[in-house]
Amino acid sequence: MEKGEGILHILHTNDLHSHFEWMGRIAAGLKTMRLTLQEREETVVTVDLGDHMDRAHLKTEASWGQANIDVLNETGYDLATIGNNEGLTFPRIEFDQLYRNAAFPVICANLLDAKTKQIPPFLSPYIIQQYGDLTVGWIGVTASFPSVYELLGLTALVPEEVVAKYVAAIRARVDLIVILSHIGYGRDVEMARSIKGIDIILGAHTHTYLAEGERVENTLICQTGKFGQYIGHVTVTYDKQTRVIRKMHANCLPTRLYKPDEKVEEVIERHGEMAESIMGEVITSLKSDLPVSWEEESPLSNLLADGLRSWVDAEVSFVNSGTLLFSLRKGEVTRKDLLSLCPHPINPCRMKLKGNQLLVILEEALDVSVIRREVNGFGFRGKVIGWLSIDGAEVYYDRHAPIGQRIKRVEIQGVPLQADRLYTVGTIDMFTFGIIFPMFKQGTEKQFYIPEFLRDVLRKQLQDEKELQKSARKRWHEI
C-alpha cells in the first residue's frame, strides 16, 4: 500500500443453497483472510448475496432456516441480502421471523409489505457505513416475482428502478456504492450500463462464475458461481485524502484449500442432530410398496396427480413423475423420507387451457426426448422430467403412430375432449414457464398456491387409504 492510500476488502459469497458440506471451509477461508488483512490494518467486510438457504436440505427444513443463520453468525458475516429461496419458499410467518437471530443487517430495497406499503421492519433498503476515511453505501435487491410475492402479502418492485432511485438519493453522501444483487448476471450487466454511479455489483441468482470480475462501463461486476465452491474477494484502493477510488480488483479463491472451521462444524453437527430428531416424525405407514417410474405410468406419480387435482379443485391435472426421486417401500414413512423423495420448492398451480392445447401437451408428453430430458433450475431438484402423470382424464394412444397423431382419444371426467372448451387444470409452477411444454405458458387465469410445496400435497395423499388404492388405476391406455 502506497503512502496516502487506503484499502477496503470485500469478501463475498452467493448461492450456497444449504450446501453445509462447504460451509466449514468457507468459514475457515473467510476467517483466515479477514485476520490476515486486519493484521495489516486494512478494513474487511464480509457479505452474502442470498440463496444461502434451500429447504431441500434437511437442516434448513427442520430449523426453518435457523441452521443457516447460526452458520452465518459464527462465520462473521457483516451484511446480507435475500435470494428467492429466502423470499419465496418460506411461509410469510416464517419469513418475517427468519432473521430474528441474525447478528448482521439484511438489506433489500425492492420488497414491500403489501398492506403497509413499507419495507418490512426486518429489512433495510440500504445502509451507509464508514470505514476509516471511506464512506460506503450498500443497496440490496432481490429477483422480482410480483405475482408470487403477492400471494405472500409482499409487493416486489422492479429492482433496477429501485436501485436507480437509491443511487440518486445517496450518491452525493458516499464515496463508494456497492449493490448486493440477487437478480442475475444479465440484469446486473444491464443495470451497470443503464444506471450511472454504481461502483460495484456483487451478484447472485444465475450461478455465474466470474474469476476476476467483469468491467461494464465504470462498474465492476462480481459473482462466485454456486454452492460455496469459491469465495469472492474485491480489493478497493482509494486516496485517503480525496477519497477518490484509484483501483478495484476482483478474484475468486477455491474454498477446498481450507480445512473446515471447527466452530462452524460444531454448529452444523448440532443442527444435524436436531434435524434428524425433528424430521424423524412418522407421517404414515404404508401397507404395500408404492413404486414410481420415470419411463411409464406408475402409482406413486398417479397419487401425486390425484392430490394435485384435488388440492387446486381442477377438472384435470398434470405433473411429471421426475418430481419423485424414488419409490416408497412398505412400512413407515417419515418427514425426512418425504423431503428426500420430493425436495423441490415447487408449488401447485391452477390455470385454464383449451382442449386443443391439452391435446398438444399430451402428444408432446409421449416424446422420449421429453421424458428423458434433464432440467436444471426452476426449482427442480430431480434428474429427468419423466412420464407425465394425469388425473381426471383417460388418454388412449398409439405409440407407433406418426408424431402428432399418437393421441387417438381423450376423455375428461368421462366426456370426450372438446377442442374449444376451456378446462380448469391443476399443474405445477415449473410448467408455467413453458420450458418443457410451451402450451402451459399460454394458460389463463393462473393461480399459484403459496407456500405449499408438492410434498405437502403428497403427505396428505399418503395418509388417505382410498387415494392410495385409487393410484393403481391406469389413466394412459395404449391401443
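Heads up: numbering here begins at 1 and tracks the sequence.
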Could you pull out all residues at least two apart from Arg256 that satisfy salt bridge (charged side-chain N to carboxylate O under 4.0 Å, His left out)? none

How about [X] and [Y]: does a side-chain donor come under 3.5 Å of a side-chain acceptor?
| X | Y | value |
| --- | --- | --- |
| Thr334 | Asp337 | yes |
| Asn68 | Ser18 | yes |
| Thr224 | Asn14 | yes |
| His205 | Asp51 | no |
| Asn101 | Gln66 | yes |
| Ser301 | Ser321 | no |

For the pair [X] (side chain) and [Y] (backbone), establish whether a donor and an acceptor sit closer than 3.5 Å, ignoring hydrogens and angles.
| X | Y | result |
| --- | --- | --- |
| Asp54 | Ala56 | yes |
| Ser327 | Val292 | yes |
| Arg25 | Tyr258 | yes |
| Asn347 | Asp429 | no |
| Asp420 | Lys354 | no |

What is the minimum heavy-atom distance between [X] and [Y], and which atoms define it?
| X | Y | answer |
| --- | --- | --- |
| Pro260 | Ala28 | C-CB, 4.3 Å |
| Gln223 | Gly203 | CG-O, 3.2 Å |
| Cys342 | Leu454 | SG-CB, 3.7 Å |
| Asn320 | Ile428 | OD1-CD1, 3.3 Å |
| Gln442 | Leu353 | C-CD2, 4.2 Å |
| Ala62 | Ile278 | O-CD1, 3.7 Å |

State yes or no: are the ring centers of Phe318 and Phe431 separated by less than 6.0 Å? no

Determine, stepwise, if the pair Leu49 / Asp15 fulfils side chain to side chain contact (heavy atoms under 4.5 Å, CB included). CA-CA 7 Å; Leu49 287 311; Asp15 295 288; over 6 Å; no

Output yes when [X] and [Y] qualify as a salt bridge under the 4.0 Å nitrogen-oxygen rule, no when they do not.
| X | Y | result |
| --- | --- | --- |
| Lys263 | Asp70 | no |
| Glu74 | Arg270 | no |
| Asp289 | Arg329 | yes |
| Arg421 | Glu315 | yes |

Min side-chain heavy-atom separation Ser389-Arg475 under 4.5 Å: no

Ring-plane angle category for [X] and [Y], please: parallel below 30°, perpendicular beyond 60°, tilted otherwise.
| X | Y | answer |
| --- | --- | --- |
| Trp64 | Phe90 | tilted |
| Trp387 | Trp476 | perpendicular |
| Phe378 | Phe433 | tilted |

First locate atom OG1 of Thr155, then atom CD of Glu150, and finally report the distance between them rounded to the nearest 0.5 Å. 7.5 Å

Separation between CZ (Arg187) and OG (Ser144), nearest 0.5 Å, reads 6.5 Å

Are Arg92 and Asp96 close enough, and set up right, to give a salt bridge (charged side-chain N to carboxylate O under 4.0 Å, His left out), and what steps lead you there? CA-CA 6 Å; Arg92 178 62 191 274; Asp96 286 350; 2.7 Å; yes

Sort and list the pairs that fulfil ring pair (Phe, Tyr, Trp, His ring centres under 6.0 Å) and have at least one residue in residues 324-362, not counting sequence neighbours. His344-Phe380

If you count the non-hydrogen atoms of other residues, nucleotides and ligands that lie under 6.0 Å from CD1 in Ile479, is the total more than 12? yes

Please determine whether salt bridge (charged side-chain N to carboxylate O under 4.0 Å, His left out) holds for the pair Asp306 and Arg473, giving the CA-CA distance in whole Å, both sets of side-chain angles, and the decisive distance to 0.1 Å. CA-CA 11 Å; Asp306 295 348; Arg473 184 181 58 79; 5.5 Å; no

Answer yes or no on whether Arg399 is positioned over the face of Tyr397, meaning its NZ or CZ is under 6.0 Å from the six-membered ring centre and within 45° of the axis. no

Per side-chain hydrogen bond (donor to acceptor under 3.5 Å, both in side chains), Arg55 is matched among Glu86, His17, Glu61 by Glu61

Applying salt bridge (charged side-chain N to carboxylate O under 4.0 Å, His left out), run through Arg372 and Glu295 and close with a yes or a no. CA-CA 8 Å; Arg372 297 177 180 173; Glu295 294 285 334; 3.2 Å; yes

